[in-house]
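In what follows, a structure is listed as structure tokens, so that the remarks can point back to it.
Every chain is numbered from 1 and lettered A, B, ... according to where its sequence line falls, protein lines coming before strand lines.
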Protein chains: 2
Amino acid sequence: MKVSVKIDYACRVMAELARLHGSGTLAQIDHLAQTEAVPANFLAQILGKLRTHGLITSRRGSLGGYVLARSPEEISLYDILLAVEGECLHLSGNFQGRSGRRLKQVWGEISADLGKKTKGYTLNQLATKNPTEMYYI
Amino acid sequence: MKVSVKIDYACRVMAELARLHGSGTLAQIDHLAQTEAVPANFLAQILGKLRTHGLITSRRGSLGGYVLARSPEEISLYDILLAVEGECLHLSGNFQGRSGRRLKQVWGEISADLGKKTKGYTLNQLATKNPTEMYYI
DNA sequence: AAAATCAATGAAGGTTTCTGTTAAGATTGA
DNA sequence: TCAATCTTAACAGAAACCTTCATTGATTTT
């Protein structure tokens, strides 16, 4: 089992968007890419998915950028997983063979558990102020 | 997040080995491959990892094959994950950026939770008799 | 209003990882 | 010795990851 870079990027960027929530400013790709150390063009694709799944909204043009579509408390890690990968835990198995059916059941239970857990993490919990921000020059 | 085909194969084959546990017979690759519908050559690699991590023992030669190294109750899904992939939940993130540290912490908590859950599934729970076996011709 | 600029969107290519195959040894039993 | 079996390494195809480039849409300036 593994968590992809893509997911990690998505969560970090959403955390940054949560920090900017309510400030009235739109976050541009370059800002998000630099702040969270994510390749800008790849990030554009990820933001696209988050947008089509209704987690964020975007605006084009010279004053464009991205904002959260809902308040941080209403967006969970589970929502992000669903938007970016389609499901919380992707099962690659074919579930054939003598134990296939049973294993599918087991992975399903684990997936459900993971769903519960990830629904418990919302963006306001992720978007804590980073202590390193205090060390401005 | 996703569970790899490899892991699913490993679990299914271990379940079959659990069914044969105590019978005194060694399971050969071809039997395991056919019973659990796993590519035989790929399976050989997986069995190699399970062996070097002490979950199974093998015997070469014309009457060779594989057996569980411990009883089914003493082998968990967690053990299999560890043997095949090195860790329960692999974190691909680089944990940079403003939210990197916090996200690493979150994934760590989720990983710990997953560890607990997978330790709860032992082979005797997976190696149930398959109902389709009753429909012999 | 037209042009220039800025930013999101979409499509195509390269690189690494995963999955599976092939083949050549090494060991055991008959 | 011969046949059956595990063991290991090297290779090939597929998928995922990441990057780059071109296009489209919105805003501002002239």
Side-chain angles (χ1 to χ4, degrees), chain A residues 1-13 17 25-34 36-53 55-67 69 81 83-87 90-94 96-97, chain B residues 1-13 17 25-34 36-69 81 83-87 90-94 96-97:
Chain A
M1 284 192 267
K2 82 178 216 190
V3 32
S4 70
V5 181
K6 208 172 183 175
I7 281 295
D8 193 55
Y9 285 169
C11 293
R12 301 219 304 259
V13 166
L17 282 173
T25 62
L26 301 193
Q28 295 165 1
I29 286 192
D30 282 347
H31 166 76
L32 294 172
Q34 284 182 25
E36 296 294 351
V38 175
N41 298 91
F42 189 37
L43 177 53
Q45 296 177 27
I46 298 172
L47 289 169
K49 287 213 167 186
L50 294 171
R51 189 181 58 82
T52 57
H53 284 79
L55 298 186
I56 61 179
T57 59
S58 67
R59 183 174 152 188
R60 293 184 161 189
S62 68
L63 290 181
Y66 296 90
V67 214
L81 282 166
V84 176
E85 297 197 334
E87 51 189 336
H90 185 68
L91 306 183
S92 316
N94 52 13
Q96 296 174 352
Chain B
M1 283 190 266
K2 81 179 218 189
V3 33
S4 70
V5 180
K6 209 171 182 176
I7 281 294
D8 193 55
Y9 286 169
C11 293
R12 301 220 303 260
V13 165
L17 282 172
T25 63
L26 300 194
Q28 294 163 4
I29 286 189
D30 283 346
H31 165 76
L32 294 172
Q34 285 181 25
E36 296 293 351
V38 176
N41 298 321
F42 190 34
L43 178 53
Q45 295 177 30
I46 297 172
L47 288 169
K49 286 213 167 183
L50 293 170
R51 187 180 59 82
T52 56
H53 283 80
L55 298 187
I56 61 179
T57 58
S58 67
R59 185 172 150 188
R60 289 182 165 187
S62 65
L63 291 182
Y66 296 90
V67 216
L68 291 186
L81 281 166
V84 175
E85 297 197 333
E87 51 190 334
H90 184 69
L91 306 183
S92 317
N94 52 13
Q96 296 174 350

Could you give the CG-to-P distance, from B:D30 to D:dA4, as a whole number of Å? 12 Å
For DNA chain D, determine which residues of residues 50-63 of chain B have any heavy atom closer than 4.0 angstrom to one of its atoms, and list them numerically. B:R51, B:S58, B:R59, B:R60, B:G61, B:S62
Could you check B:L68 against B:L55 for side-chain contact (heavy atoms from CB on, under 4.5 Å), going step by step and ending with a plain yes or no? CA-CA 6 Å; B:L68 291 186; B:L55 298 187; over 6 Å; no
Nucleotide N/O to protein N/O under 3.5 Å, stretch nucleotides 9-20 of chain D:
from, atom 1, to, atom 2, distance (Å)
D:dT19, O4, A:Q45, NE2, 2.5

Does one side chain, of A:E87 or A:H90, offer a donor that lies under 3.5 Å from an acceptor on the other? yes
Using whole Å, report how far CD1 of A:I46 lies from C1' of C:dA8. 15 Å
Would you say the side-chain atoms of A:Q28 pair up with the backbone N or O of A:Y66, donor to acceptor, closer than 3.5 Å? no
Round to a whole Å and report the spacing from NZ of B:K49 to P of C:dC18. 10 Å
In whole angstrom, what separates A:Y66's OH from C:dC6's P? 17 Å
Work out how much the helix from C:dA1-D:dT30 to C:dA30-D:dT1 bends between its end axes, five pairs an end, to the nearest 10 degrees. 0°
Quick one: A:H31 NE2 to C:dA8 C1', roughly how many Å, whole number? 17 Å
Over all heavy atoms of both residues, which pair between A:A27 and A:L17 is shortest? Give the atoms and the distance, please. CB-CD2, 3.6 Å
Is a side-chain N or O of B:R59 found less than 3.5 angstrom from the main chain of B:G65, in a donor-acceptor match? no
Smallest separation among heavy atoms of A:A83 and A:K49, with atom names: O-CD, 3.8 Å
Minimal non-hydrogen separation, B:E36 against B:R12, with atom names: O-NH2, 2.6 Å
Whole-Å distance separating the CD atom of B:Q34 from the P atom of D:dT5: 12 Å
Shortest non-hydrogen contact from B:A33 toward B:L43: N-CD2, 3.7 Å
Against A:I56, only a single residue in A:V13, A:L47, A:V67 fulfils side-chain contact (heavy atoms from CB on, under 4.5 Å); can you say which? A:L47
A:A37 versus A:Y9, closest heavy-atom pair with distance: O-CE2, 4.3 Å
Between P of D:dT27 and CG of A:L26, the distance in whole Å: 10 Å
Closest non-hydrogen contact found for B:G64 with B:L26 is C-CD1, 3.8 Å
